[in-house]
Amino acid sequence: MNTKQHENDKMHELAFHLITKEKKKETEVVNTLMQYGVEEQNAKEIYLYIEKKIKEIENTPARKDMIYGALWCIGGIVFTISDVGYIFWGAIVFGGVQFLKGLTNLK
């Protein structure tokens with residue numbers, strides 16, 4: 001790994017630490033990165049990149065709940081409509097609740 005890439009990785013790690021552990025706001029993170037010699041535009045890009053990745057990580061369980069909830073609910077509705085002799089209320093309700101749980105946890 002070249003020196004420039006190593007420094008870039010260090011700045012990303014620093015920004016991640018400042019955002020997650022120290023709960024710093026954008027201006028504080030950008031100013032700290034600039035103190036380490038990062039240009040302002042690059043510091044802002046690093047901040048936005050880290051924020052985007054954090055949101056993606058936080059949203060993963062919520063998206064899974066939405067997908068599986070929708071599958072359970074739709075499956076229950078399809079089997080109920082297909083007249084196999086049963087009403088699949090459990091699947092419909094469970095799926096609906098799981099979908100709504102994922103939707104409310106989506107950030």
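Cluster membership check: Phe79 does not share its hydrophobic cluster with Ile81, using side-chain heavy-atom separations under 4.5 Å among Ile, Leu, Val, Met, Phe, Trp and Tyr. Val78 and Ile92 sit in two unconnected hydrophobic clusters of ILVMFWY residues. Membership requires side-chain heavy atoms under 4.5 Å apart, directly or through other members. Hydrophobic clustering (ILVMFWY, side-chain heavy atoms < 4.5 Å, transitive): Leu18 and Ile54 are in one cluster. Both Val38 and Ile19 belong to a single network of hydrophobic side chains, linked directly or stepwise wherever heavy atoms of I, L, V, M, F, W or Y lie under 4.5 Å apart.
Atom CD in Glu51 sits 10.5 Å away from atom CZ in Phe16 (nearest 0.5 Å). Gln98 CD to Ile67 CD1: the interatomic distance, rounded to the nearest 0.5 Å, is 10.5 Å. Here CZ of Phe99 is found 10.5 Å from OG1 of Thr104. Values are rounded to the nearest 0.5 Å. Considering CD1 of Ile57 and NZ of Lys52, their distance stands at 12.0 Å, rounded to 0.5 Å. Here the CG atom belonging to Leu14 is positioned 11.0 Å from the CD atom belonging to Glu7, to the nearest 0.5 angstrom. Atom NZ of Lys44 is separated from atom CD of Gln41 by 6.5 Å, given to the nearest 0.5 angstrom.
Using modelled atom types, one finds no donor on one side chain facing an acceptor on the other under 3.5 Å when comparing Asn31 with Gln35.
Side chains of Lys53 and Tyr49 form a contact here, defined as non-hydrogen atoms less than 4.5 Å apart. Counting only heavy atoms from C-beta outward, the side chains of Thr20 and Ile50 never approach each other to under 4.5 Å. A heavy-atom distance below 4.5 Å is found between the side chains of Asn8 and His12.
For the residue pair Gly76 and Ala91, the shortest heavy atom distance occurs at CA-CB, 4.0 Å. Taking all atoms of both residues into account, the shortest heavy-atom contact from Leu33 to Met11 is CD2-O, 3.7 Å. Of all the heavy atoms in Thr60 and Glu56, the pair that sits closest is OG1-O, 2.9 Å. Between Leu106 and Ala62, the closest heavy-atom pair is N-CB, 3.8 Å. Between Gly102 and Met66, the closest heavy-atom pair is C-CG, 3.6 Å.
Listed by chain and number, the residues in a ring-ring contact (aromatic ring centres under 6.0 Å, His included) with Tyr36 amount to none (sequence neighbours excluded). Residues passing the side-chain hydrogen bond (donor to acceptor under 3.5 Å, both in side chains) test with Glu39: none are found, sequence neighbours excluded. Residues satisfying the ring-ring contact (aromatic ring centres under 6.0 Å, His included) criterion with His17, sequence neighbours excluded, are absent altogether. In this view, Tyr68 satisfies the ring-ring contact (aromatic ring centres under 6.0 Å, His included) rule with no residue, not counting sequence neighbours. Residues passing the side-chain contact (heavy atoms from CB on, under 4.5 Å) test with Lys25, sequence neighbours excluded: Glu28. Taking the ring-ring contact (aromatic ring centres under 6.0 Å, His included) definition, one finds that Tyr47 meets it with nothing, sequence neighbours left out.
A distance-only check finds a donor-acceptor pair linking the side chain of Asn59 to the backbone of Lys55 [under 3.5 Å]. Between the Thr80 side chain and the Phe88 main chain, a donor and an acceptor come within less than 3.5 Å of each other.
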